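Worksheet for the structure shown next.
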Amino acid sequence: MFHELLLIGAAPEAGHEAVRWVEGSCSRFGLRGPAVEQLSACVVEAVNNAIEHAYGTIAGDIQLTLSADRGLVTVVVADRGPGPRDHEVLPPEPDAPRGRGRWIMREWCDSVEHERGTFGFRTILTKQCASQAATHTAKPARTGSGRPS
Amino acid sequence: MIFSFEQHDEFVVARLPSSLSLANAAAVRSQLERHIQDESAELIVDLSGVEFIDSSGLAALLSTCRAARSWGGDIVLAGPLPRVQALIELTRLDDVVDVVADITEASSRLASRREAA
């Protein structure tokens with residue numbers, strides 16, 4: 001299993017930076033294609049939730065940790081906010097102005113978990129991004145602006 | 001942000017930037033709605049150059065559609081790339097906004113709607 005970490009400021013541009021990082025990290029693990037694109041879309045929604053709900057107009061950091069093990073990719077998105085009051089996810093009405101982000105995460109990830117504690121709030125997204133037969137043994141290069149966990 | 005309006009036959013085509021996300025969704029929506037209000041309520045939104053979209057971007061497109069209809073017109077989304085199309089289908093945005101393969105088809109769609117009105 002390998003880990004990569006990214007620490008980004010809670011700015012509106014953070015989502016796009018997260019996409020590049022997730023897809024770049026997965027590529028270094030030999031993972032690419034629609035499953036990776038779906039995972040990165042989910043990560044963006046989690047990052048956007050952190051920006052909008054944890055910090056609002058206040059400056060803050062969002063920590064992303066990505067690990068991959070035989071194609072099973074887990075991304076943890078952590079902020080210092082309280083998290084949502086409930087985790088119920090209903091299918092959004094097509095013409096609803098909001099409420100698509102959590103639905104996207106639920107539909108496109110194999111699992112979505114949440115943790116709340118003194119550290120703040122974490123969203124844990126897991127998705128199989130390669131066939132079970134695939135194994136990834138090449139050690140990825142260290143990149144990104146983060147620190148090792 | 002690369003963003004343009006171009007005339008295509010009798011309709012205007014809005015070409016959106018390569019990313020439509022929380023970072024620019026409000027600005028894109030504002031530009032589109034200003035065009036709808038000031039120029040024409042019939043608009044083709046060219047998504048063929050949009051490589052990434054998130055739920056904020058989808059909400060901006062929906063808001064633009066509502067604005068167009070409130071002014072008696074409509075929008076048609078043209079040429080989304082597969083990853084954008086997948087998100088449109090997942091969130092069922094295509095239930096409320098027309099999504100077609102390219103600008104030519106979008107133009108035909110708007111023209112036939114105009115004739116039917």
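This one's a predicted model, so the numbers in the text were calculated from it and none came from an experiment. Throughout, protein chains are lettered first and strands after them, A, B, ... in sequence-line order, and every chain is numbered starting at 1.
Heavy atoms of Ala96(A) lying under 4.5 Å from chain B belong exclusively to its backbone. Proximity to chain A (any heavy atom under 4.5 Å) is shown, for Thr91(B), by both the backbone and the side chain. Heavy atoms closer than 4.5 Å to chain B are found in both the backbone and the side chain of Pro97(A). With a threshold of 4.5 angstrom between heavy atoms, Leu62(B) approaches chain A through side-chain atoms but not through N, CA, C or O. Neither the backbone nor the side chain of Ala25(B) comes within less than 4.5 Å of any heavy atom of chain A. For Ile53(B), no part lies near chain A; criterion is any non-hydrogen pair under 4.5 Å. For Gln38(A), no part sits under 4.5 Å from any heavy atom of chain B, backbone or side chain. Residue contact with chain B, scored on non-hydrogen atoms closer than 4.5 Å, involves the side chain of Glu45(A) exclusively.
Using a 4.0 Å cut-off between charged side-chain N and carboxylate O, Glu23(A) and Arg83(B) make a salt bridge.
Side chain to side chain, Ser4(B) and Arg15(B) fail the donor-acceptor criterion of an N or O pair below 3.5 Å.
Of the listed residues (Asp95(A), Val44(A), Ile51(A)), the greatest number of heavy-atom pairs within a distance under 4.5 Å of chain B belongs to Asp95(A). Counting heavy-atom pairs closer than 4.5 Å to chain B, the top residue among Glu52(A), Glu13(A), Glu37(A), Glu93(A) is Glu37(A). Of the listed residues Val96(B), Asp95(B), Leu90(B), the one with more heavy-atom pairs under 4.5 angstrom with chain A than any other is Leu90(B).
Identified by a heavy-atom distance below 4.5 Å to chain A, contributing residues of residues 33-42 of chain B are lacking entirely.
Nearest heavy-atom pair across Ala68(B) and Ile75(B) is CB-CG2, 3.8 Å. When every heavy atom of Asp79(A) is checked against every heavy atom of Ala50(A), the shortest pair comes out as OD2-CB, 3.3 Å.
With a 4.5 Å cut-off on side-chain heavy atoms, Ile88(B) and Leu58(B) count as touching. Looking only at side-chain heavy atoms (C-beta outward), Gln63(A) and Leu7(A) come within less than 4.5 Å of each other. Side chains of Arg70(A) and Leu72(A) form no contact here, defined as non-hydrogen atoms less than 4.5 Å apart. Looking only at side-chain heavy atoms (C-beta outward), Cys65(B) and Val45(B) stay at 4.5 Å or farther from each other.
Within 6.0 Å of atom CZ in Arg116(A), more than 12 heavy atoms from other residues, nucleotides or ligands are found, so the atom counts as buried in its surroundings.
Between Phe3(B) and Phe5(B), a ring centre-to-centre spacing shorter than 6.0 Å is recorded.
For residues 49-71 of chain B, every residue pair satisfying the salt bridge (charged side-chain N to carboxylate O under 4.0 Å, His left out) rule, not counting sequence neighbours, is listed here: Arg69(B)-Asp74(B).
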